[in-house]
Amino acid sequence: MVAPWLLLALPLSVTAAAARDKLLGVHPTSVSKYTPTKSNTWKCLDGSKELPWSAVNDDYCDCEDGSDEPGTSACSNSQFWCQNAGHIGSYIPSSRVGDGLCEADCCDGSDEQPGVCPNRCKEIGEAYRANRDAELKIQKTGSKIRSTYIAFAHKEQKRLQEEVKSLAKEIVTKEKEVERLRDIAERTESLSQAALEHKKQSPLYQSLLNHNKALKSLKREYQKHADRERQLGDILGSLRTGYNPNYQDMAVLEAVRGWEELAGLPHINDIKKGGDAEEGGEVTTGEGEKAGEPEDDGLWTKDELDGELEDILGTDYTQLLLDHEEHINAPTGDSVLFKITSYLPDSLLPTYEVWKDNLLEWLERLGIIPEETSGATSESSRAQQNLATATSELNRIKGEKSEAESTIVKIFHPEHFGIEGEWKKMDDECLEYEFGEYTYELCMFREAKQKPKNGGSTFSLGRFKSWNTDARPGSPEYYSKQYYKHGARCWNGPERSVVVLWTCGTQNAVTSVAELEKCEYQYTATSPALCLPPGAGDNGNGKNREEL
């Protein structure tokens, strides 16, 4: 006989079980929507029908939106919510409910009859959280490294800006130098070799050359004597500090006294007895003259001589000769009366110049005036070479300035080194990965290569083309992929190309290489540049929607 209290408890337990069944597969945020009315009815969530409460989860689809069967497979357009206590809840299609298969996304087994699938959420959740914590640690470390990359970008921007300013000043100086050399080249070009050589035979030019040779010779001899004077001073200094005055060697004493007087030094015995220090001695010039004695008016001091002599020895005497020639041939203030071009209208000047050139040509042919040599003179060739060298150097500096300006623009450009410049640190950095018989190289923003380990040809796999064109520039997804295209063409195939898939990591490294299609390669790589601070951005790896 059944106890009366059991009969009373039975309806209550059945009712509780029935209530749980009605909420099977319902997301916690939607539980309030699955409450019967006072008349024990319930409306479809789309409001299309009102059903008896018993029709919910009765394994028969009544609502068009499938909302009456959240815990069965009766409605094809419904979804089943797995609570997965101890792990992360997730939806699965209702078609998988009660199919006898244990779903990975439903680790608590609630989509099947009790006992069919074990509840593995605890162990799966623990493994997931351990992996998540490891990833979070990598992300935190990587984000700190990324901040140093950003700081580097700002320093690099400042450095390049200073470099641009410096190069701009250098360009102004070089442009003046080019103009000076162009002027020399034009003037030397207008002179014949014979005329120039004739001018070089002038007494003034020859005298300047002799003076230059004399100065170089005097400098050489002066250097020899200066070296010998230093050696002699070292010898006498050693004698002064090391001789024994007790022997009363008059020759040694006289030498020491003479050196002290010449060098303006106090007597060594006075110093040893606690007298004045050497710094208090009388200062003399290199020639033994005491400081303060008047110098000859108009003559250079030693410092001026050291500074000016090199400039004099480096004088370009050919240019000096041409400047002198131009000076003596320059018209005086009164000679303008005889310069016919000063009186001609501008419209007639071209005709006059042609007429003048023709006249000079006929005078040369008749022998009235000496004929100019048609070939380029050696001086002219040298002047042209100097001009070409200076022009090339000017163009090089302009190129460096232009490249620096271009890099400044790219540093914080979203389509180049990132909004914060975080990828500038890796500009031209080369990463390598060994796989099989090859070493795969990735030089950032430059080129990807395939290099054989045992000799053979190195193939270009492509040059940098762009970031991820399917994402918005500046977003984390945009920097998660790179394209390197137009590499060496495969035999009887397409041009080689590479797709690089980037993820957050504490090191810049290529982690795998695969040839997905013929001559189409995929690199996977890690970099701190992609590690945003936890919770920042869409790719911060923050599991904000986890439900444990």
Side chain Ser78, main chain Ser94, donor-acceptor under 3.5 Å = no

Measure the spacing between CD of Glu495 and NZ of Lys485 and express it to the nearest 0.5 Å.
-> 10.5 Å

Answer whether the closest heavy-atom distance between the side chains of Asn57 and Glu69 falls below 4.5 Å.
-> yes

Give the minimum heavy-atom separation between Lys481 and Leu501, together with the two atoms involved.
-> CE-CD2, 3.8 Å

Heavy-atom donor-acceptor pair, Ser147 side chain to Lys144 backbone, under 3.5 Å | yes

Is it true that Glu162 and Arg159 make a salt bridge, defined as a side-chain N closer than 4.0 Å to a carboxylate O?
-> no

How are the rings of Tyr440 and Tyr521 set relative to one another: parallel (under 30°), tilted (30 to 60°) or perpendicular (over 60°)?
-> tilted

Do the rings of Trp467 and Tyr478 sit parallel, tilted or perpendicular, given the 30° and 60° boundaries?
-> tilted

Answer yes or no: is there a side-chain heavy-atom contact under 4.5 Å between Arg96 and Leu101?
-> no

Check: Glu50/Thr41 side-chain N/O donor and acceptor closer than 3.5 Å = yes

Could you grab the distance from atom OG1 of Thr506 to atom NZ of Lys140, nearest 0.5 Å is fine?
-> 15.0 Å

Is there a side chain to side chain contact (heavy atoms under 4.5 Å, CB included) between Trp502 and Gln482 once you walk through the steps?
-> CA-CA 8 Å; Trp502 290 96; Gln482 279 184 325; 3.1 Å; yes

Those residues at least two apart in sequence (or on a different chain) that pass ring pair (Phe, Tyr, Trp, His ring centres under 6.0 Å) with Tyr60 are none

Under 30°, 30 to 60°, or over 60°: which ring-plane class applies to Trp81 and His27, parallel, tilted or perpendicular?
-> tilted

Is there a donor-acceptor pair under 3.5 Å between the side chain of Tyr523 and the backbone N or O of Thr511?
-> no

Donor-acceptor pair, Glu112 side chain versus Asp99 backbone, under 3.5 Å?
-> yes

Once you round to the nearest 0.5 Å, how far does NZ of Lys155 lie from CD1 of Ile150?
-> 13.5 Å

Indicate yes or no for a side-chain donor-acceptor contact from Lys49 to the backbone of Asp62 under 3.5 Å, with no hydrogens or angles considered.
-> yes

Leu160/Glu163 under side chain to side chain contact (heavy atoms under 4.5 Å, CB included): CA gap, chis, key distance, verdict | CA-CA 5 Å; Leu160 289 172; Glu163 182 178 325; 4.0 Å; yes

Any chance CD of Glu403 has more than 12 other-residue heavy atoms, nucleotides or ligands included, within less than 6.0 Å?
-> no

Give the intermediate values and the outcome of side chain to side chain donor-acceptor pair (under 3.5 Å) for residues Ser527 and Asn508.
-> CA-CA 4 Å; Ser527 173; Asn508 296 316; 2.7 Å; yes

Test applied, side chain to side chain contact (heavy atoms under 4.5 Å, CB included); reference residue, Lys424; option that passes from Tyr149, Phe412, Phe152 = Phe152

Any donor-acceptor pair under 3.5 Å from Ser392 side chain to Ala388 backbone = no

For Ile419 against Gly474, the heavy-atom pair lying closest together = CD1-CA, 3.7 Å

Kindly determine whether Glu422 and Leu530 satisfy side chain to side chain contact (heavy atoms under 4.5 Å, CB included), including the steps that lead there.
-> CA-CA 8 Å; Glu422 64 272 21; Leu530 206 62; over 6 Å; no

Side chain proximity check, Pro534 to Leu136, heavy atoms < 4.5 angstrom | yes

Distance col, row Cys75:SG vs Asp68:CG, nearest 0.5 angstrom, shows 5.0 Å

List the atom of Ile184, the atom of Ala383, and the distance in Å for their closest heavy-atom pair.
-> CG2-CB, 4.2 Å

Taking atom OH of Tyr91 as the centre, does the number of heavy atoms from other residues, nucleotides or ligands within less than 6.0 Å exceed 12?
-> yes

Could you grab the distance from atom CD of Glu123 to atom SG of Cys107, nearest 0.5 Å is fine?
-> 9.0 Å

Within a reach of under 6.0 Å around CZ of Arg120, are more than 12 heavy atoms found that belong to other residues, nucleotides or ligands?
-> no

Is there a donor-acceptor pair closer than 3.5 Å between any side-chain N or O of Lys174 and the backbone N or O of Lys398?
-> no

Hey, does the side chain of Arg146 reach the backbone of Ala529 with a donor-acceptor pair shorter than 3.5 angstrom?
-> yes

Report yes if some heavy atom in the side chain of Phe459 is under 4.5 Å from a heavy atom in the side chain of Cys490; otherwise report no.
-> no

Spacing of Thr503 atom OG1 and Glu135 atom CD [to the nearest 0.5 Å] | 9.5 Å

Any side-chain heavy-atom pair from Tyr483 and Thr469 closer than 4.5 angstrom?
-> yes

Hey, does the side chain of Ser406 reach the backbone of Ser402 with a donor-acceptor pair shorter than 3.5 angstrom?
-> no

Would you call Lys401-Glu405 a salt bridge at under 4.0 Å N-O?
-> yes

Should we say atom CD of Glu64 is surrounded by more than 12 heavy atoms from elsewhere, each under 6.0 Å from it?
-> no

Within a reach of under 6.0 Å around NZ of Lys169, are more than 12 heavy atoms found that belong to other residues, nucleotides or ligands?
-> no

State, to 0.1 Å, how close Pro414 and Tyr479 come at their nearest heavy-atom pair, and which atoms those are.
-> O-OH, 2.6 Å

How far apart are the closest heavy atoms of Ile138 and Gly505, and which atoms are they?
-> CG2-CA, 4.0 Å

Going by an N to O cut-off under 4.0 Å, is there a salt bridge joining Arg129 and Glu126?
-> no

Among Arg182, Lys176, Glu175, find the one that has a side chain to side chain contact (heavy atoms under 4.5 Å, CB included) with Glu179.
-> Arg182

Within-4.5 Å side-chain heavy-atom neighbours: Cys63 and Trp42 = yes

Decide yes or no for Tyr34 and Ser67: does some side-chain heavy atom of the first lie under 4.5 Å from some side-chain heavy atom of the second?
-> yes

Between Thr526 and Gln507, is there a donor-acceptor pair closer than 3.5 Å when you use the side chain of the first and the backbone of the second?
-> yes

Close side-chain approach of Ser497 and Leu461, heavy atoms under 4.5 Å = no

Go through Cys106 and Cys82 one step at a time and tell me if the disulfide (SG to SG under 2.5 Å) criterion holds.
-> CA-CA 5 Å; Cys106 208; Cys82 302; 2.0 Å; yes

Are Ile92 and Asp105 close enough, and set up right, to give a side chain to side chain contact (heavy atoms under 4.5 Å, CB included), and what steps lead you there?
-> CA-CA 7 Å; Ile92 63 171; Asp105 293 334; 3.8 Å; yes

May I ask you to say whether Glu447 pairs ionically with Arg463, meaning some side-chain N is under 4.0 Å from a carboxylate O?
-> yes

Heavy atoms of Cys44 and Asp65 approach each other most closely as CB-OD1, 4.3 Å

